[in-house]
Amino acid sequence: IPGAISPNYLDHLMPSIVTDLFQPQTVTYNGGVANIKQWKISCYLEVMESGIPCTNPHEGLKSHCRELLDTCNNLFASWYRQQHAC
């Protein structure tokens with residue numbers, strides 16, 4: 001939904017994410033097709049249980065972006081209901 005999130009609001013959130021909160025995580029994995037045992041992956045607000053490779057959400061980042069995450073979830077839910085209405 002174009003314009004649903006204010007660019008100014010995102011600009012306000014970003015400096016702390018870049019300078020303080022972004023901390024890539026290292027996870028051990030079975031190697032998969034690439035045969036890589038350790039991956040450096042991003043940090044996440046939410047993760048699916050039993051994901052492979054699996055990591056934990058970054059609580060500081062999640063807290064910092066909670067309002068944005070909730071807004072995005074609500075916008076998606078509203079859009080999805082519109083797409084699948086009877």
Side-chain angles (χ1 to χ4, degrees):
I1 304 171
I5 307 291
S6 162
N8 290 336
Y9 176 64
L10 297 175
D11 287 344
H12 166 75
L13 288 178
M14 202 60 179
S16 292
I17 293 170
V18 173
T19 60
D20 300 323
L21 295 170
F22 180 73
Q23 299 169 348
Q25 300 178 54
T26 301
V27 295
T28 302
Y29 182 53
N30 69 8
V33 174
N35 199 27
I36 299 171
K37 302 287 184 198
Q38 282 196 334
W39 289 10
K40 287 194 181 215
I41 62 174
S42 193
C43 48
Y44 298 92
L45 301 178
E46 296 180 317
V47 294
M48 290 174 34
E49 290 185 26
S50 303
I52 298 175
C54 190
T55 186
N56 295 317
H58 185 289
E59 293 300 328
L61 184 62
K62 185 176 180 179
S63 175
H64 183 71
C65 296
R66 176 85 265 164
E67 183 180 329
L68 175 62
L69 182 60
D70 290 343
T71 299
C72 290
N73 286 342
N74 290 335
L75 288 168
F76 176 79
S78 176
W79 171 86
Y80 187 86
R81 283 191 299 271
Q82 291 174 18
Q83 302 306 308
H84 298 279
C86 294

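Tyr80 and Ile5 sit in two unconnected hydrophobic clusters of ILVMFWY residues. Membership requires side-chain heavy atoms under 4.5 Å apart, directly or through other members. The hydrophobic cluster containing Phe76 does not contain Leu68, counting ILVMFWY residues as joined when their side-chain heavy atoms lie under 4.5 angstrom apart, directly or transitively.
Taken from OG in Ser63 to CG in Leu69, the straight-line distance is 11.5 Å, to the nearest 0.5 Å. For the atom pair SG of Cys65 and CG of Leu13, the computed distance is 5.5 Å after rounding to the nearest 0.5 Å. Here the CE atom belonging to Met14 is positioned 13.0 Å from the OH atom belonging to Tyr9, to the nearest 0.5 angstrom.
Within a 6.0 Å radius of CD in Glu59, more than 12 heavy atoms belonging to other residues, nucleotides or ligands are found.
No donor-acceptor pair under 3.5 Å is formed between the side chain of Ser78 and the backbone N or O of Asn74. No donor-acceptor pair under 3.5 Å is formed between the side chain of His64 and the backbone N or O of Ile17.
In terms of the side chain to side chain contact (heavy atoms under 4.5 Å, CB included) criterion, residue partners of Asp70 (sequence neighbours excluded) are, by chain and number, Arg66. Applying the side chain to side chain contact (heavy atoms under 4.5 Å, CB included) criterion to Thr19, with sequence neighbours excluded, gives no partner residue.
A pairwise comparison of heavy atoms in Leu21 and Gly60 identifies CD2-C, 3.9 Å as the closest pair.
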